[in-house]
> 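Here's a structure for you.
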Amino acid sequence: MAPASKRLKELAEAPLGRLLFRYSWPALVSMSLNALYAVVDRFYIGQGCGADSMAGLTLAMPVTMVFVAFGMLVGVGHSTVLSLQLGEGDRVGAEKTLGELIAFKVLFFILLPFLVYWNLDTILGWCGGRQVSAGAYAAAHDYLRLVLFFHIFSHLAFGLSAMMRAEGAAVQSMTSLAVGFGVNFILDPIFIFGLKMGISGAAWATNVAMLCSCLWAFSYYLRRRSSVRLRWRRIGIYPRLLWRATGIGLSPFLQQFAGALINLSLAAAFAKWATDDASATRQVASLGVFQSVMILTFMPILGAQQGLAPIFGYNWGARNFKRVRKTMILGLGVTAILCVLACLVQVVPPFPQLLVACFVPSAEGALRELAAGDLTLSNCMIWCIFVNVVSTTYFQAIGRPKMAILLSALRQFVCLLPCVWILPYFFRDHAFGIWLALPLSDVLANVATIPPLISHLGFLSRARSPHKSLT
């Protein structure tokens with residue numbers, strides 16, 4: 001049996017525990033490596049360039065998250081459609097999906113950087129750039145100015161990696177992102193310290209790494225090792241397919257866009273309530289540490305979701321509802337364990353202090369103490385979000401974008417964003433009120449997710465006919 005056919009057979013028949021592990025660990029590594037671009041930059045910048053540069057990277061974070069959001073709109077939506085098409089046996093449709101992903105990403109990431117570049121000062125002002133120190137603002141401006149136009153390579157690599165994972169080529173997907181991370185990890189200290197380029201060095205190291213990852217991803221398809229052939233005549237926009245894929249991708253897009261809006265709001269809120277620019281810079285730098293630690297601790301959770309998604313999608317497309325239900329139960333158990341572990345390493349001493357020390361030098365003792373306390377408060381209830389996370393993955397993977405959008409919006413838009421701006425008015429320590437918004441939103445979103453999850457588990461238990469659909 002050909003490797004490609006074997007991968008599809010495993011999605012339908014292999015033991016779920018082994019299959020989830022096989023798909024999750026490469027997905028975990030892939031997601032971690034992609035996210036670690038920012039973490040590695042912050043590690044080197046935080047240790048060698050000080051609080052101003054760390055705060056500058058934090059101000060730039062919402063902008064880069066918006067780019068990631070548009071990447072997910074295209075990449076996640078098309079990879080989900082690809083899983084469903086392979087489950088249905090539609091090879092021509094799968095080739096069109098791959099071609100449209102490439103065309104759509106090129107279109108987006110040619111136009112979007114110009115819009116951001118022309119309005120960069122205004123955008124940084126929204127993020128709180130007017131309240132922080134001049135050094136922090138300059139660092140954010142320099143970093144974004146250098147990386148904006150190279151994002152096309154990053155998002156082509158990420159999109160093609162998602163398509164590999166959707167067809168079962170999880171290791172190949174991981175490898176394409178590992179190449180970029182390796183290049184970035186090597187070049188960062190050379191450019192930042194060896195060539196004394198500072199934050200500009202971090203930007204150029206990221207740019208070169210993005211390009212290398214993109215070239216490696218294309219090589220997988222050009223060598224014809226994939227289940228889905230990359231045919232140049234298929235590269236284009238297909239309106240009906242585009243509507244379906246973007247409808248599915250709208251959920252992770254909104255979730256990531258909401259994350260960008262939340263990070264922008266957090267930075268702006270800390271800047272608004274700070275007594276002076278030095279205090280604002282310290283609190284925004286603490287937010288940068290929080291973001292970096294969240295990337296490190298949340299990646300295993302997201303990796304598990306990336307492993308679950310093709311199993312959900314393929315077996316839903318094949319109408320194997322019993323297997324979908326078993327996958328759901330397994331996914332809830334695994335994600336719950338990962339969420340509990342993520343919580344423990346951020347609230348139980350001395351782990352918060354050790355994590356903070358990775359990004360703040362010992363000379364910045366006050367910032368270390370501040371960041372460790374903020375980290376403990378903000379993530380004390382993260383253990384309870386597993387229901388919302390798995391449910392969002394499930395509805396997205398089976399092509400139910402409206403429910404996935406609703407669930408992803410619960411935590412970000414409905415619960416967290418209002419709390420960020422309202423709670424500071426009720427506390428003398430305004431920063432405490434801002435950080436408290438995070439655990440409160442975790443609890444509220446998880447409780448609201450339980451009813452639709454129970455409803456779908458009931459459907460999966462009752463479904464017998466391969467033609468029965470959920471109404």
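Bear in mind the structure is a predicted one, so any value in this text is a computation, not a measurement.
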> For the residue pair D374 and S286, confirm or rule out a side-chain donor-acceptor distance under 3.5 Å.
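There is such a pair (donor and acceptor under 3.5 Å, judged by atom type) between the side chains of D374 and S286.
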
> Can any side-chain N or O of T327 pair as donor or acceptor with the backbone N or O of R323 at less than 3.5 Å?
yes

> How far apart are the closest heavy atoms of N379 and C343, and which atoms are they?
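Looks like O-SG, 3.6 Å.
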
> Hey, does the side chain of S154 reach the backbone of F150 with a donor-acceptor pair shorter than 3.5 angstrom?
no

> What I'd like to find out is whether the side chain of N446 reaches to under 4.5 Å of the side chain of L410, using heavy atoms alone.
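With C-beta onward as the side chain, the pair stays apart.
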
> Any donor-acceptor pair under 3.5 Å linking the side chain of R234 with the backbone of E100?
no

> Give the minimum heavy-atom separation between S53 and A139, together with the two atoms involved.
CA-CB, 4.1 Å

> With a 6.0 Å cut-off (strictly less than), is the heavy-atom count around CZ of F185, excluding the residue itself, greater than 12?
no

> Could you check whether any side-chain heavy atom of L338 comes within less than 4.5 Å of a side-chain heavy atom of F386, counting everything from C-beta outward?
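Not in contact.
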
> For a quick test of reading the model, state the closest non-hydrogen atom pair linking I382 to M294 and the distance between them.
CD1-CE, 3.7 Å

> Given side chains that start at C-beta, do those of L86 and V228 come closer than 4.5 Å, heavy atoms only?
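With C-beta onward as the side chain, the pair touches.
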
> Taking all atoms of both residues into account, what is the closest heavy-atom pair of A269 and V420, and its distance?
CB-CG1, 4.1 Å

> Within the structure provided, determine whether L160 and Y220 are in side-chain contact (heavy-atom separation under 4.5 Å).
no

> Could you check if a side-chain atom of L98 sits within less than 4.5 angstrom of a side-chain atom of H78, using non-hydrogen atoms only?
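With C-beta onward as the side chain, the pair stays apart.
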
> Using the benzene-type ring in the case of Trp, are the ring centres of W243 and Y238 under 6.0 Å apart?
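Distance test on ring centres: not under 6.0 Å, no.
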
> So, N119 side chain and L115 main chain: donor-acceptor pair closer than 3.5 Å or not?
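Yes.
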
> If every non-hydrogen atom of P352 is compared with every non-hydrogen atom of A372, which pair is closest and at what distance?
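Shortest heavy-atom contact: CB-O, 4.3 Å.
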
> For L222 versus L230, what's the shortest heavy-atom pair and its separation?
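Closest heavy-atom pair between L222 and L230: CD2-CD2, 4.4 Å.
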
> Using the ring centroid of each side chain, check whether H155 and F70 are separated by less than 6.0 Å.
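No - the distance between ring centres of H155 and F70 does not fall below the 6.0 Å cut-off.
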
> Between CG of L57 and CG of L287, what distance do you get to the nearest 0.5 Å?
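The CG atom of L57 sits 12.0 Å away from the CG atom of L287.
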
> Evaluate the side-chain contact (heavy atoms from CB on, under 4.5 Å) criterion for residues F312 and Q396: first the C-alpha distance (whole Å), next the side-chain angles of each, then the deciding distance (0.1 Å), finally the verdict.
CA-CA 9 Å; F312 280 142; Q396 172 190 309; over 6 Å; no

> Specify whether W316 and Y394 have parallel, tilted or perpendicular ring planes, treating 30° as the upper limit for parallel and 60° as the lower limit for perpendicular.
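Ring orientation of W316 relative to Y394: perpendicular.
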
> Taking atom NZ of K105 as the centre, report whether more than 12 heavy atoms of other residues, nucleotides or ligands fall under 6.0 Å from it.
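Above 12, so yes.
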
> Kindly indicate whether the side chain of L144, heavy atoms from C-beta on, has any atom under 4.5 Å from the side chain of I123.
no

> Would you say that W216 contacts L211 through its side chain, given a criterion of any heavy-atom pair below 4.5 Å between the two side chains?
no

> Quick one, H141 and L146 - any side-chain contact, counting heavy atoms below 4.5 Å?
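Contact flag for H141/L146 side chains = no.
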
> Under 3.5 Å, which donor-acceptor pairs do the side chains of residues 296-303 form with other protein atoms, sequence neighbours left out?
| unit_1 | atom_1 | unit_2 | atom_2 | d |
| --- | --- | --- | --- | --- |
| T297 | OG1 | V293 | O | 3.0 |
| T297 | OG1 | Q346 | NE2 | 3.2 |

> For T206, is there any backbone N or O sitting under 3.5 Å from a side-chain donor or acceptor partner on N184?
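Here the side-chain-to-backbone pair exists.
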
> For A209, does its backbone N or O pair with a side-chain atom of S213 as donor and acceptor, under 3.5 Å?
no

> Ring-plane angle category for W435 and F270, please: parallel below 30°, perpendicular beyond 60°, tilted otherwise.
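Ring orientation, 0 to 90° scale: tilted.
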
> Does the side chain of Y137 pick up a donor-acceptor pair with the side chain of D142 at under 3.5 Å?
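Not at all, the side chains of Y137 and D142 share no donor-acceptor pair under 3.5 Å.
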
> Please walk me through it: do V324 and I311 pass side-chain contact (heavy atoms from CB on, under 4.5 Å)?
CA-CA 8 Å; V324 173; I311 307 174; over 6 Å; no

> Test side-chain contact (heavy atoms from CB on, under 4.5 Å) on T64 and H151 and set out the steps.
CA-CA 9 Å; T64 59; H151 268 280; 4.2 Å; yes

